[in-house]
Amino acid sequence: MKTTKKKSKMNIGYKPAGQFEETRFEKIHNVIFKDSNEGSIRVAQEIAELIKEKQAKNETCVLGLATGSSPIKVYEELVRMHKEDGLSFSNVVTFNLDEYLPMDKDNLQSYWYFMHEHLFNHVDIPAENINIPDGKIGSEDAIEYCLGYDQKIKKFGGLDFQLLGIGRTGHIGFNEPGSHYNSGTRIITLDHITRVDAAPAFLGIGNVPRKAITMGIATVRSAKRIVLLGWGNNKASIIKETVEGRVSSEVPATYLQEHGNVTFVLDNGAGSELTRNKTPWLVESCEWTKQLTAKAVVWLCEKTNKSILSLTDKDYNNNGMSDLLTLEDSYDLNIRMFNKLQHTITGWPGGKPNADDSNRPERAEPAKKRVIIFSPHPDDDVISMGGTFDRLVEQGHDVHVAYQTSGNIAVSDSEALKFAEICNNMNPTKKSGKLIEDILDKGENAFDSVEVRELKGAIRRGESHAATRYLDLPDENVHFLDLPFYETGTIKKKNLSEDDITIMYDFINEIKPHQIYAAGDLADPHGTHKVCLDAVFESMKRLKPEPFMKDCWLWLYRGAWHEWDINDIEMAVPMSPGQVMKKRMAIFFHQSQKDGVMFQGDDAREFWMRVEERNRDTAQRYHALGLADYAAMEAFVRYKFD
Ligand code: F6R
């Protein structure tokens with residue numbers, strides 16, 4: 001295997017001024033865009049330019065294409081260019097990276113279906129120019145078929161452009177860890193993590209195929225140009241490993257370090273672990289903004305295992321932060337940073353009445369605030385901010401909880417059957433009989449009937465009411481918005497529409513809140529939490545001219561998976577051991593989401609366990625920085641509109 005590093009031919013169009021500096025840590029050219037939308041549009045433009053360039057020369061343009069959530073927006077933009085700007089695909093030949101095995105073309109989870117739904121059905125590509133590995137190939141024909149796939153690519157002169165996503169295992173295509181540098185198209189066994197990531201789409205890991213057919217590493221490497229897309233925080237660590245780590249079959253994407261013309265197109269989340277972003281002071285001299293200073297001081301404490309007030313000049317100097325001390329001596333800096341953190345802690349999330357609020361996260365006035373807690377699913381409220389929720393109610397604020405989606409898809413059939421049978425036993429009706437029949441007759445991968453979806457939604461409503469009553473919230477303050485984008489009956493949701501925004505707009509306008517809490521999960525650009533957050537942003541933007549909006553603050557909490565970085569936290573609400581128990585009980589009411597929930601992810605712990613550990617960890621980290629020792633803490637960041 002070759003290990004020399006070739007110099008990347010940088011594509012000038014991807015180098016917005018100041019955005020890419022090659023550092024001694026990085027081995028792959030990468031560009032970070034503001035968000036996945038911007039990055040995707042830029043990539044679509046490169047593809048379109050290539051297609052047109054080839055068209056002008058009467059040549060075929062050979063594209064290697066990927067599926068998954070990463071390229072969706074690229075395809076959307078290419079379709080837009082076809083429809084609005086006349087971009088033609090008549091000279092395009094495509095080869096897809098992979099397909100599950102076994103898999104029927106018309107199965108909703110097939111990559112064949114995906115590609116037609118997102119691209120091919122909407123552009124003028126001739127059907128015979130489309131190549132997607134055959135998910136029905138039998139093992140006796142597989143070797144010949146795979147060799148044929150690679151040969152066909154060669155026959156067309158090779159791939160002019162290869163679009164890639166990256167899996168959390170570091171796979172490109174379905175080349176899982178262990179894949180050889182010289183591998184060609186072949187059948188592969190999927191890694192467990194890959195199957196876990198695919199489980200939601202297949203409604204459970206048991207339905208995810210164990211095998212796939214994938215272009216090999218050598219096939220991918222043979223492309224003249226490669227662009228890999230990475231969106232969201234959950235890709236950050238694998239992106240760092242790929243860009244900064246050593247070439248290894250354990251992370252097949254690192255093979256791309258050997259390619260001379262590859263660019264990683266990332267958003268802030270996916271690029272956040274790269275050394276130049278995470279600890280820029282180790283890379284170059286920095287402009288010490290307030291934010292960067294706070295980040296560096298917290299990092300330094302964790303690195304040296306010291307509290308803020310124990311940091312010395314030597315600690316700063318030995319860790320690439322000496323220039324920070326030219327602005328301020330370490331004694332003053334330490335005290336300033338300590339106070340900054342201290343001021344984020346409050347037991348009064350709605351503001352402390354009659355208190356000086358100049359150093360508190362929230363305003364003292366009005367003493368009684370109107371509060372909306374937006375919860376994407378019917379349980380995020382108690383999971384993510386159950387302690388704060390409890391305090392807000394206890395401290396007399398007018399709290400409203402609004403569940404943005406019905407959450408019906410996350411209720412298992414066996415749970416729904418239990419309720420249907422109870423209804424039927426108590427009072428047999430045509431409807432209860434049909435519910436039982438629909439659930440029992442549902443085939444693998446099939447959708448729920450409208451009635452079963454209704455029942456599943458009702459189960460989650462009942463659980464939510466049990467939890468909010470336990471926290472003493474009157475039923476009339478509990479709202480179920482059932483945003484339409486969610487109601488597809490499948491994991492794939494519709495785009496946010498005017499109907500969703502109108503529901504959100506009218507609701508906020510009716511309550512006229514002083515505080516809004518919302519789930520600030522930006523990790524998954526296509527996930528429900530992100531869509532729910534976009535709905536909050538858009539409706540608040542439109543409400544901006546309303547007088548009440550001048551006094552309306554938006555606080556973001558994080559869902560079950562991650563917590564804010566300590567240096568970003570603007571309000572930390574401590575919890576006593578008793579409050580931790582109370583929060584746990586409130587989560588327990590969400591019975592359908594306990595014990596092996598459908599969308600568990602790769603973390604086997606239940607939600608209450610994960611979140612307790614997370615809240616305890618936040619408290620411990622504050623304590624390690626030299627602040628008071630609390631049992632647990634919930635954390636928030638205030639979102640300020642421009
Ligand atoms: C898809 C493919 C995979 C995905 C990767 C990331 O054709 O080959 O390598 O690109 O699993 O998937 P998403 O984009 O869904 O995060």
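These numbers were taken from a predicted model, which means no experiment stands behind them. The figures that follow rest on heavy atoms only: side chains count, while hydrogens, waters and symmetry mates do not. Counting begins at 1 with the first residue of the sequence. First listed ligand is number 1; within each ligand, the first listed atom is number 1.
Backbone and side-chain nitrogen or oxygen atoms of Ala66 are examined, and none is located within less than 3.5 angstrom of a nitrogen or oxygen of ligand 1. In terms of polar-atom proximity, defined here as any N/O pair under 3.5 Å, Tyr111 makes no such contact with ligand 1.
Residue Leu97 has at least one heavy-atom neighbour below 4.0 Å for each of these atoms of ligand 1: 8 (O). When each atom of ligand 1 is checked for a heavy atom of Lys235 under 4.0 Å away, the hits are 6 (C), 13 (P), 16 (O). Set against the non-hydrogen atoms of Gly165, the atoms of ligand 1 under 4.0 Å away are 10 (O). Listed by number with element, the atoms of ligand 1 under 4.0 Å from a non-hydrogen atom of His171 are 3 (C), 5 (C), 9 (O), 11 (O).
Atom 13 (P) of ligand 1 has its nearest heavy-atom neighbour, among Gly170, Ser69, Ala212, Ala198, in Ser69.
Relative ring orientation between Phe202 and Tyr100 is described as perpendicular, the plane-to-plane angle rising above 60° on a 0-90° scale split at 30° and 60°.
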Quiz: residues 137-148 side-chain donor-acceptor pairs under 3.5 angstrom, not counting sequence neighbours:
unit_1, atom_1, unit_2, atom_2, d
Tyr145, OH, Asp134, N, 2.9

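Protein heavy atom nearest atom 1 (C) of ligand 1, with residue, atom name and distance: Thr67 OG1, 3.1 Å. Counting only heavy atoms of the protein, atom 8 (O) of ligand 1 lies nearest to Asp98 OD2, 2.4 Å. If you check which protein heavy atom lies closest to atom 9 (O) of ligand 1, you get Gly173 O, 2.7 Å. Taking atom 14 (O) of ligand 1 as the reference point, the nearest protein heavy-atom neighbour is Ser70 OG, 2.4 Å.
No hydrogens or angles considered: a donor-acceptor pair under 3.5 Å links the side chains of Asp124 and Ser88. For the 3.5 Å distance criterion, the side chains of Asp482 and Tyr403 fail to qualify, holding no donor opposite an acceptor.
Of the possible polar contacts, none joining the Arg168 side chain to the Thr194 backbone as a donor-acceptor pair under 3.5 Å is found.
Taking 4.0 Å as the cut-off, Arg168 does not count as a neighbour of ligand 1 on heavy-atom distance.
Take Thr488 and apply the side-chain contact (heavy atoms from CB on, under 4.5 Å) test, not counting sequence neighbours, and it matches Thr490, Lys493, Lys494.
With a 6.0 Å cutoff to the six-membered ring centre and a 45° limit on the axis angle, Arg42 does not count as a cation-pi contact of Phe33.
With a 4.0 Å cut-off on non-hydrogen atoms, Ile166 touches ligand 1 through its backbone and not its side chain.
Salt bridge absent: Glu49 and Lys52 never bring a charged side-chain N and a carboxylate O closer than 4.0 Å.
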Could you walk me through whether Thr405 and Cys532 satisfy the side-chain contact (heavy atoms from CB on, under 4.5 Å) test, starting with their C-alpha distance in whole Å, then the side-chain angles of each, then the deciding distance to 0.1 Å, before giving a yes or no? CA-CA 8 Å; Thr405 69; Cys532 286; 3.9 Å; yes
